[in-house]
There are 2 protein chains.
Amino acid sequence: MNSPLHAYTETGTPSFSPLYQQIKALILQSLQAGEWKPGEPIPSEMELAARFRVSQGTVRKAIDELAAENLVVRRQGKGTFVATHAEHNVQYRFLKLVPDSGDFAAKGPAERTIVDCRRQRATADVARALALRTGDPVLQVRRVLAYASVPTILEDLWLPGIPFKGLTAERLRASRGPMYAMFEMEFGTRMVRAEEKIRAVLPDEAQAALLHVTQATPLLSVERVALTYNDVPMELRRGLYRTDTHHYRNELG
Amino acid sequence: MNSPLHAYTETGTPSFSPLYQQIKALILQSLQAGEWKPGEPIPSEMELAARFRVSQGTVRKAIDELAAENLVVRRQGKGTFVATHAEHNVQYRFLKLVPDSGDFAAKGPAERTIVDCRRQRATADVARALALRTGDPVLQVRRVLAYASVPTILEDLWLPGIPFKGLTAERLRASRGPMYAMFEMEFGTRMVRAEEKIRAVLPDEAQAALLHVTQATPLLSVERVALTYNDVPMELRRGLYRTDTHHYRNELG
DNA sequence: AAGTGGTCTAGACCACAAC
DNA sequence: TTGTGGTCTAGACCACTTG
């Protein structure tokens, strides 16, 4: 294994991939298989180097990329750990709505209300987003997040029925931290990245009522598809955000 | 220079910074000083290693970070180049509005109309965003972008008067590619990163007229502060986006 | 003191582009 | 052929954490 393995594309063209990419893929497989759970340490660089018969530097470069993708967290002197949504410092990593008055003050967790939670059959658009077939079982949840008693976010979310079998309104209400942290613990599904489509819309009657606004109030519509390892979609979420005291914050590199 | 230099914080606590960070800072200074212009190659890794009396690996790690921040682009076999907004593949890097029907079709450049361009004195909020003082000279531009003859984006932007002395509506109309590319060429100012605050709003009368919508049409309000090297703000831009046929696309890592 | 990740070096070789 | 960035190795030492 001292020289890169060869991979061949469908056309027969030989295509190489660097050793460290192959190592990265192997580590990824172990992460995906749950060999190491979120929050737990993965083997040390020396151990992995020995296991894969490569130098420490090669393992290091593989882990560097995994860390850059937030799949893994390095801690000097301690080890490298499987990333998790449960860590206090990076909670609500995917929520970009922040209060206008700096990020603080209302930083305390929002008041959460589960409005609805029911098993359904996937409509065409939900099925497409979740890579299911129309009619497949899905779980639909509607909830409201309030800050300082002001309802600010209304979310509808759809989860594939199979992996989330057993999820109920009670379990949602019972769980404390971020929803994605609970998904990791209870269902072994870790959301790794997400894509959002944002629009400005007016709410329908029900939506306006739940957010305590009039139907003439413009709201941010945020449609998110959250993905696990290997870009498998595991959640469709449609959020309506009030932006009178908050805004969606984005950094462009 | 074989061992890291020492830096001392105000409290006297010795604080180290890795050699490659120091090298990175030195390269950044040269970029900022315009020693190498956008699109031009910077010296090879070997040359830089010799200049700074460090190993190639250390220079490499410094450049790796600069490349990750899009300040520089590596091209195997050719060299490392100062990044630019003029490259065809990464044009409109900061514009996240895409047509609902995939990214294609309307990919051709938008039809641009300069509505207004005038010298002004900075109001309090503009001054704060641009790190100026209230009353300092600024340049204000208003323009409309249309796709397939449908006005879709209305932008007001403010530029600090000093560095953009000589910018007129004529020069804006005359320039071809992205505005930021022109800023690089004509004014030596390269926008490196940006922060956006997004809200849902209703347009005022003038805005609605320019976008050919009613005042009841919800629009995306995108306030952007664009920064040069060292996080110096060089542009405030307030955009109104129609999101009936387009959406703001965001990826969450 | 021992183990972990983090930095730095020196040298070899590979892949790509240009002459 | 030459020069560029890209990969890989081996070994040394540093910084941080834990026992």
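All of these numbers come straight from a predicted model, not from anything done at the bench. Computation of the quantities below employed the complete heavy-atom set of this structure, encompassing side-chain atoms and omitting hydrogens, waters and symmetry-equivalent molecules. Reminder, nothing fancy here: chain letters follow the sequence lines and each chain counts from 1.
Counting any heavy atom pair closer than 4.0 Å across all strands shown, R60(B) reaches a base atom.
Judged by distance alone, with hydrogens and angles left aside, the side-chain atoms of E69(B) form no donor-acceptor pair with the main-chain N or O of L66(B) at under 3.5 Å. Side-chain atoms of T228(A) come within 3.5 Å of backbone N or O of V232(A) as a donor-acceptor pair. The backbone N or O of P178(A) sits nowhere less than 3.5 Å from a side-chain atom of H85(A) that would complete a donor-acceptor pair.
Of the two residues contacting DNA chain D, namely T58(A) and K78(A), the nearest-nucleotide position lying further toward the 5' end is that of T58(A). Comparing P43(A) and V59(B), the nucleotide of DNA chain C nearest to each residue sits closer to the 5' end for P43(A).
Considering only side-chain atoms of S55(A), the nucleotide from dC8(D), dG5(C), dG5(D) that sits closest is dC8(D). Considering only the side chain of L19(B), dC8(C) comes nearest among dC8(D), dG5(C), dC8(C). The side chain of S44(B) approaches dG5(D) more closely than any other nucleotide in the set dT7(D), dT4(C), dG5(D). Checking dT7(C), dG5(C), dT9(D) against the side-chain heavy atoms of P18(B) singles out dT7(C) as nearest.
Straight-line distance from the CE atom of M46(B) to the P atom of dG6(D): 15 Å, rounded to whole Å. Taking atom CD of Q76(B) as the reference point, atom P of dT7(D) lies 8 Å away to the nearest angstrom. Rounded to whole Å, atom P of dG5(D) lies 12 Å from atom CG of D64(B). Put simply, CZ on R53(B) is 17 Å from C1' on dC8(C), counting in whole angstrom units. Rounded to a whole Å, the CZ atom of F81(B) is 9 Å from the P atom of dG5(D). Regarding Q56(A), its CD atom lies at a distance of 8 Å from the C1' atom of dG5(C), rounded to whole Å. Here the C1' atom of nucleotide dT7(D) and the CD1 atom of I63(B) are 16 Å apart, to the nearest Å. Rounded to whole angstrom, the span from the CD atom of E45(B) across to the P atom of dT9(C) amounts to 14 Å.
Note on ring orientation: taking the six-membered ring where Trp is involved, the planes of F187(A) and F164(A) are tilted (angle from 30° to 60°).
Dashed line: the shortest gap from a side-chain N or O of K61(B) to OP1 or OP2 of dT7(C) is under 4.0 Å. For R74(B) and dG6(D), the shortest distance from a side-chain N or O to OP1 or OP2 is below 4.0 Å.
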Yes or no on side-chain hydrogen bond (donor to acceptor under 3.5 Å, both in side chains) for D100(B) and H246(B), after CA distance, side-chain angles and deciding distance?
CA-CA 5 Å; D100(B) 291 339; H246(B) 293 64; over 6 Å; no
